[in-house]
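Numbering starts at 1 and runs along the sequence shown. Both ligands and their constituent atoms are indexed starting at 1 by order of listing.
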Amino acid sequence: MSKNNRQPFVAGNWKMNGSLALVADFNEKLNTVNTRAQVVICAPSVLLHAFKSTAFSIGAQNVSHLDNGAHTGELSVSMLKEAGCEFAIVGHSERREDQGESNSLVAQKAAKCIAGNLTPIICVGESLEVREAGQVEAFVGQQLDALIDVLSIDELKQSVIAYEPIWAIGTGKTASPEQAQEVHEFIRGYFAKVDAELAQGLRIVYGGSVKPENAETLFAQNDVDGGLIGGASLKAEDFISICHAAN
Ligand code: 13P
């Protein structure tokens, strides 16, 4: 399967930003988006109810690995489904760092999503320290091993992988198209050792300072199937132009 057979994927991650007014703006403006990409907005959970658009899907930024019970502040897969989510980001580096989420917890969250019919957008990626030590493949490989240990081939086929180098997130320092392609190719090759068909069909998107100005060259790389967009997903016009770049 060539790149052209994988539907491009562009998701916005609003993080702890946004408001009902911004949702209203997106409901109106994103209807003009004209892209062959699948488009998703991952907004704060309390805003999800206000999205009303057929032009894009909505997703959560995190989900519990548990079904229900005494877990104050957590949200389950079934709650997010009822709120209209079709996707959930799992293992974002900000949560791995701030909440100490481990590789195995991230894999459990992804498994819970798939069991409940929510597509996980699973984030991996290295720090600057790891990159400078020449350990990118060893580090990302460990993150992938945890997924391969817990998820079946069929479950992996239902996932989206986001490569987000931590040093490129919110820093304005985008990975060069070559740097992104190098790691995306490594990730696809890693899954190819498990199952060739899985690797060929898997959507691997890039995140880290994607902007309207750099999206097209990043998305044109052979193994880059779209993006996970932070800051630039907070302005409808910028986000739309990034969605168009995925054509
Ligand atoms: P920025 O696009 O703001 O660098 O954020 C990327 C990101 O973390 C998306 O999940």
message = Pair K157, E197 - check side chain to side chain contact (heavy atoms under 4.5 Å, CB included), show working.
response = CA-CA 9 Å; K157 282 182 180 170; E197 191 188 304; 3.0 Å; yes
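Atom numbering of ligand 1 starts at 1 in the shown order; those under 4.0 Å from a heavy atom of S209 are 1 (P), 2 (O), 4 (O). For ligand 1 and K15, the ligand atoms under 4.0 Å from any heavy atom of the residue are 5 (O), 6 (C), 7 (C), 8 (O). The contact set between ligand 1 and G208, taken as ligand atoms under 4.0 Å from a residue heavy atom, comprises 4 (O), 6 (C).
Relative orientation of the H184 and Y163 rings is perpendicular, given thresholds of 30° and 60° on the angle between their planes.
Only backbone heavy atoms of A168 (N, CA, C or O) come within less than 4.0 Å of ligand 1; its side chain stays farther off.
Interatomic distance, CD of E237 versus CG of L30, reported as 10.0 Å (0.5 Å rounding). With values rounded to the nearest 0.5 angstrom, E164 atom CD is found 10.0 Å from S209 atom OG.
Checked against a 3.5 angstrom limit, the closest N/O atoms of G170 and ligand 1 fall inside it. Checked against a 3.5 angstrom limit, the closest N/O atoms of T171 and ligand 1 fall outside it. When only interatomic distances are considered, the shortest N/O to N/O separation between I169 and ligand 1 does not fall below 3.5 Å. Taking any N or O of L228, backbone or side chain, none lies under 3.5 Å from an N or O belonging to ligand 1.
Closest to atom 3 (O) of ligand 1, if we only count protein heavy atoms, is G231 N, 2.8 Å. Looking from atom 7 (C) of ligand 1 to the surrounding protein, the closest heavy atom is E164 OE2, 3.2 Å. Looking only at protein heavy atoms, the nearest one to atom 2 (O) of ligand 1 is G230 N, 2.9 Å.
Under a 4.0 angstrom heavy-atom cut-off, K211 registers as lying outside contact with ligand 1.
A donor and an acceptor atom, one from each side chain of Q61 and H92, are nowhere located under 3.5 Å apart.
More than 12 heavy atoms of other residues, nucleotides or ligands shown are found within 6.0 angstrom of NZ on K81.
Formation of a donor-acceptor pair under 3.5 Å by the N247 side chain with backbone atoms of N34 is found in this model. A donor-acceptor pair is defined here as one N or O able to donate and one able to accept, closer than 3.5 Å; such a pair exists between the side chain of N31 and the backbone of N27.
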